[in-house]
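The first residue of the sequence shown is numbered 1, and numbering continues consecutively from there.
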Amino acid sequence: MRTLRIAAAVEAISLAALLLNLATVHTKAITALGGPVHGMAYLATIACTWMTPTATSTARWLAVIPGIGGLLVLRRIQPEGD
């Protein structure tokens, strides 16, 4: 669960940085670094979701939404007391 939280946060932050870069200065260095980071975080989010035993099929499909999918999964599978 901790790995999923980290991957979801990195995925969302890296996508926000890429979109901000695209909307403003479009620096190639940010794109070259942020693209692979976002891609790996996206794949890690999907893999962690599929490996989580408490994830429903809806949560697994939510994981494939780029950028916010991991955050949506965390909201769906998080216990009430946490």
| Closest non-hydrogen atom pair, Pro36 against Ala32 | CD-O, 3.1 Å
| request: Spell out, yes or no, whether Leu74 and Trp50 are grouped together once hydrophobic residues are joined by side-chain heavy atoms under 4.5 Å, including indirect joins. | output: no
| request: Examine Val73 and Met1 and state if one hydrophobic cluster contains both, with Ile, Leu, Val, Met, Phe, Trp and Tyr joined whenever side-chain heavy atoms are less than 4.5 Å apart. | output: yes
| If you take all heavy atoms of Gly34 and Ser14, which pair is closest and at what distance? | O-CB, 4.4 Å
| message | Measuring from atom OG1 of Thr3 to atom CE of Met51, what distance do you get when rounded to the nearest 0.5 angstrom? | response | 8.5 Å
| said: Between Ile13 and Leu15, is there shared hydrophobic-cluster membership here, with clusters defined by ILVMFWY side-chain heavy atoms closer than 4.5 Å? | reply: no
| Distance in Å, Thr45 OG1 paired with Met40 CE, rounded so as to fall on 0.5 Å steps | 10.5 Å
| Pairing residues for Thr52 by the side-chain hydrogen bond (donor to acceptor under 3.5 Å, both in side chains) criterion, not counting sequence neighbours | none
| note | With sequence neighbours left out, the residues meeting side-chain hydrogen bond (donor to acceptor under 3.5 Å, both in side chains) with Thr31 are Asn21
| said: For Leu18, give me all partners under side chain to side chain contact (heavy atoms under 4.5 Å, CB included), at least two apart in sequence or on another chain. | reply: His38
| message | Working to the nearest 0.5 angstrom, can you tell me the gap between Leu22 CG and Thr27 OG1? | response | 11.0 Å
| So how far is it from Glu11 CD to Ile65 CD1, rounded to the nearest 0.5 Å? | 10.0 Å
| What distance separates Ile46 CD1 from Leu62 CG, expressed to the nearest 0.5 Å? | 11.5 Å
| note | Of all heavy-atom pairs linking Ala7 and Ala41, the shortest is O-CB, 3.8 Å
| request: Tell me whether Leu4 is reachable from Val64 by hopping between hydrophobic residues (I, L, V, M, F, W, Y) whose side-chain heavy atoms are closer than 4.5 Å. | output: no
| task | To the nearest 0.5 Å, tell me how far Ile77 CD1 sits from Thr49 OG1. | result | 6.0 Å
